[in-house]
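If you read the sequence from its start, that first residue is 1, and numbering goes on from there. Heavy atoms only: backbone and side chains are in, while hydrogens, waters and symmetry mates are out.
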Amino acid sequence: MKRRTFLKQTGLALGAVATVPSMAFTSDLDYKTMRPVKGKRCFSSKGVEQLIKKVKSDMADHELAWLFENCFPNTLDTTVDFEYINGKPDTFVITGDIDAMWLRDSTAQVWPYMPLIKKDKELRELIKGLVHRQTKCILLDPYANAFYKDVNKISKWKSDRTQMLPGIHERKWEIDSLCYAVRLAHEYYTITGDTSIFDEDWQQASQYIIQTFRTEQRKDGTTPYTFNRTTGQMLDSPVHWGLGRPVKPVGLICSMFRPSDDASLYPFLIPSNVFAVLSLRQMGTIHKDILKDDAFARKCHEFADEVDAAIQKYAVLDHLQYGKIYAYEVDGFGNQVFMDDANVPSLMSLAYLGAHKPTDKLYLRTRQFLLSEHNPYFLKGKAAEGQASPHTGQQNIWPMGIILRAMTSTDDKEITKCLKMLKHTHAGTGFMHESFHKDDASKYTRDWFAWANTLFGELIVKLHNERPHLLKEKL
């Protein structure tokens with residue numbers, strides 16, 4: 001397929017843990033584009049190309065500009081399958097080196113292009129098609145996190161002990177999967193004013209979302225969802241035969257998996273519950289203002305208030321060094337874990353997602369903890385410092401974490417520090433990776449991770465709009 005050409009052109013292997021020779025990356029690079037040639041790109045947008053040209057022209061650091069040119073369009077260049085089905089746009093977006101579409105990743109991958117859709121008709125249709133495709137996915141199974149376009153494709157995870165329907169790549173229940181679908185539809189409407197996406201299918205999907213969230217509050221102690229996988233990784237399955245650890249029903253929503261696709265330690269995953277509050281309020285607004293369904297809108301807003309109140313009571317807790325901060329996961333019994341995971345939603349990303357202003361005291365205290373030695377997944381090494389993830393072990397830093405740190409910072413020096421780390425840890429490839437070893441960036445995971453690439457591009461565009469002086473300096 002066309003989407004495969006990226007790996008062929010760059011000589012990369014699917015899903016590999018790569019090691020490249022140690023080298024003085026900056027001096028040896030010639031800054032030739034790493035993008036697929038024009039005829040091999042999956043989708044082209046005039047708006048995106050114009051923006052790349054404009055931003056690059058205002059950047060003083062050639063290597064940083066080269067990284068931006070490679071990374072920002074990576075989703076459109078390599079992962080998009082766009083067509084019209086029965087007269088409606090349909091967009092399938094793979095995550096990169098895994099040939100499946102995650103609800104989370106697909107929204108995040110196109111998110112940086114959203115400001116352009118009002119003027120770029122083709123790009124607007126692409127996003128509209130993704131809303132339609134995500135709606136289909138939710139109607140198929142609101143518990144699944146990743147899907148195939150070809151319903152006849154056999155999943156690598158077909159032996160998972162859960163309900164694996166045709167068209168599902170993976171069925172890990174993650175709150176944020178459904179939140180991202182709401183986030184995309186709401187933003188598309190906000191920018192374009194196009195209400196046609198809220199058709200009968202979307203309305204049915206929104207019913208599924210709220211029903212699933214309600215069920216996973218587990219107020220009666222039960223759930224129809226279980227998941228168990230036979231692997232050598234204990235984080236691939238929730239404990240207790242796929243049910244997860246016990247929870248005390250307090251109004252929070254259970255998430256059996258984190259955005260990293262790792263099983264949660266305690267089922268009440270707080271960043272995802274905060275995200276759910278935002279999504280429920282967005283759904284409520286849509287149903288009230290557009291669909292004129294006051295009863296359903298009221299359900300959404302009351303549900304959001306209930307979850308928010310539970311977060312404040314059970315997840316804003318005293319830390320020995322930092323006072324009142326967010327816990328990452330809790331169980332309602334009083335147990336909690338203080339940490340973070342570089343994936344989004346994370347505690348660091350709450351200001352990025354719009355749940356907090358970067359200057360909010362609770363967020364700032366939490367952020368101070370996250371960037372300290374008291375956070376077990378904040379690593380410092382010879383190559384860089386940054387947030388990690390249990391998904392990649394105890395030694396690997398995630399570029400995504402460094403990017404989100406810069407995006408949520410109000411300090412020029414901190415942002416510049418993050419840019420320097422990103423510039424010096426791409427291992428000469430011209431792209432972001434899933435993770436890299438804290439002492440040696442040439443040891444990294446995932447050559448082709450479109451979300452991380454596009455998120456880096458989003459950071460550069462944000463700085464170009466809000467702090468252009470930082471891009472006028474050579475790092």
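A cation-pi arrangement is found for R214 relative to F303, the charged atom lying closer than 6.0 Å to the ring centre and inside a 45° cone about the ring normal. For the pair R365 and F338, the cation does not sit on the ring face, since its NZ or CZ is not both under 6.0 Å from the ring centre and inside 45° of the axis.
Looking at D360, its side chain does come within 3.5 Å of a backbone N or O of K357 through a donor-acceptor pair. For the pair D81 (side chain) and F92 (backbone), a donor-acceptor distance under 3.5 Å is absent. Side chain of H426 to backbone of K423: a donor-acceptor contact under 3.5 angstrom is found. Not one N or O on the side chain of T416 forms a donor-acceptor pair closer than 3.5 Å with the backbone of K413. In this structure a side-chain-to-backbone donor-acceptor pair under 3.5 Å is missing from N74 to T454. A donor-acceptor contact shorter than 3.5 Å is absent between the side chain of D77 and the backbone of R41. Without hydrogens or angle criteria, N453 side chain to F431 main chain gives no donor-acceptor distance under 3.5 Å. Side chain of Q109 to main chain of W451: no donor-acceptor pair is present (N/O by atom type, distance under 3.5 Å, no hydrogens or angles). Side-chain atoms of W66 come within 3.5 Å of backbone atoms of K32 as a donor-acceptor pair (strictly under, hydrogens ignored). Between the H424 side chain and the K420 main chain, a donor and an acceptor come within less than 3.5 Å of each other.
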>> For a side chain to side chain donor-acceptor pair (under 3.5 Å) check, start with the C-alpha distance between S106 and Q134, then their side-chain angles and the critical distance, and finish with the verdict.
In response: CA-CA 9 Å; S106 59; Q134 290 185 349; 2.9 Å; yes
> Can you check side chain to side chain donor-acceptor pair (under 3.5 Å) on E414 and S409, steps first, answer last?
Replying inline: CA-CA 7 Å; E414 183 179 29; S409 177; 2.6 Å; yes
>> Please determine whether side-chain contact (heavy atoms from CB on, under 4.5 Å) holds for the pair T79 and T95, giving the CA-CA distance in whole Å, both sets of side-chain angles, and the decisive distance to 0.1 Å.
In response: CA-CA 7 Å; T79 69; T95 186; over 6 Å; no
> Do Y266 and V330 pass the side-chain contact (heavy atoms from CB on, under 4.5 Å) test, and can you show the C-alpha distance, the side-chain angles, and the key distance before you say yes or no?
Replying inline: CA-CA 5 Å; Y266 295 124; V330 302; 5.5 Å; no
> When you look at D194 and Y188, which way does the side chain to side chain donor-acceptor pair (under 3.5 Å) test go after all the steps?
Replying inline: CA-CA 8 Å; D194 179 7; Y188 171 84; 2.7 Å; yes
> Checking side-chain contact (heavy atoms from CB on, under 4.5 Å) for the pair R281/H301: CA distance, chi angles, key distance, verdict?
Replying inline: CA-CA 5 Å; R281 288 178 176 154; H301 286 296; 4.0 Å; yes
>> Using the rule given for side-chain contact (heavy atoms from CB on, under 4.5 Å), can you reason through Q395 versus K443, listing the C-alpha separation, both sets of side-chain angles and the distance that settles it, and then say yes or no?
In response: CA-CA 11 Å; Q395 304 295 321; K443 298 175 181 178; over 6 Å; no
> Taking it one step at a time, do H391 and N343 satisfy side chain to side chain donor-acceptor pair (under 3.5 Å)?
Replying inline: CA-CA 10 Å; H391 190 68; N343 289 269; over 6 Å; no
> When you look at D58 and K54, which way does the salt bridge (Lys or Arg N to Asp or Glu O under 4.0 Å) test go after all the steps?
Replying inline: CA-CA 7 Å; D58 292 334; K54 170 60 178 170; 3.3 Å; yes
>> salt bridge (Lys or Arg N to Asp or Glu O under 4.0 Å) for D261 and K172? Distances and angles first, verdict last.
In response: CA-CA 7 Å; D261 299 333; K172 289 183 172 180; 5.7 Å; no
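Side chains of I138 and L103 form a contact here, defined as non-hydrogen atoms less than 4.5 Å apart. Counting heavy atoms from C-beta on, the side chains of P259 and L269 come closer than 4.5 Å. Side-chain contact between K46 and L123 is absent, with no heavy-atom pair separated by less than 4.5 Å. Within the 4.5 Å cutoff, the side chain of V93 has no heavy atoms near those of the R133 side chain. Using a 4.5 Å cut-off on side-chain heavy atoms (C-beta onward), V247 and C254 make contact. Counting heavy atoms from C-beta outward, D61 and M59 have side chains that stay 4.5 Å or more apart. Counting only heavy atoms from C-beta outward, the side chains of P89 and F82 approach each other to under 4.5 Å. The side-chain heavy atoms of Y189 and F198, taken from C-beta on, include a pair separated by under 4.5 Å.
Side-chain contact, E216 with Y143: a donor N or O sits under 3.5 Å from an acceptor N or O. With hydrogens and angles left out, the side-chain atoms of R124 and T192 include no donor and acceptor closer than 3.5 Å. For the 3.5 Å distance criterion, the side chains of S346 and Q387 fail to qualify, holding no donor opposite an acceptor. A donor-acceptor contact closer than 3.5 angstrom is absent between the side chains of T392 and T445.
Atoms NZ and CZ, from K417 and R405 in turn, are 5.0 Å apart once rounded to the nearest 0.5 Å. Atom CE of M348 sits about 4.0 Å away from atom CG of L371, to the nearest 0.5 Å. To the nearest 0.5 angstrom, H464 atom NE2 is 7.5 Å from L51 atom CG. Note that CD1 of I253 and CG of N273 are 5.0 Å apart. Values are rounded to the nearest 0.5 Å. We find the CG-CD distance between L64 and E473 to be 11.5 Å, quoted to the nearest 0.5 Å. Separation of atoms CG (N145) and CD (E174) is listed at 4.5 Å; rounding is to 0.5 Å.
Between W398 and F449, the ring-plane angle classifies as perpendicular under the 30° and 60° cut-offs. Classified by interplanar angle (parallel below 30°, tilted 30° to 60°, perpendicular above 60°), the ring pair Y444/H433 is parallel.
Shortest non-hydrogen contact noted between R258 and L265 is NH2-N, 3.5 Å. Counting all heavy atoms, side chain and backbone alike, P238 lies closest to A263 at N-CB, 3.8 Å. The two atoms that bring A351 and Y363 nearest to each other are CB-CZ, 3.6 Å, heavy atoms only. Scanning both residues, F68 and G457, for their nearest heavy atoms gives CE1-O, 3.6 Å. Minimum interatomic distance between K118 and I191 (heavy atoms only, all atoms of both residues): CD-O, 3.7 Å. The shortest heavy-atom contact between F456 and C71 is CD2-CB, 3.9 Å.
Screening K53, R35, K56 against E69 for a side-chain hydrogen bond (donor to acceptor under 3.5 Å, both in side chains) leaves a single residue, K56.
Within 6.0 Å of atom CD in Q233, 12 or fewer heavy atoms from other residues, nucleotides or ligands are found, so the atom counts as exposed in its surroundings.
With ring centers used as reference points, Y113 lies under 6.0 Å from F72. Annotation: H356 is in aromatic contact with Y326 [ring centroid separation under 6.0 Å].
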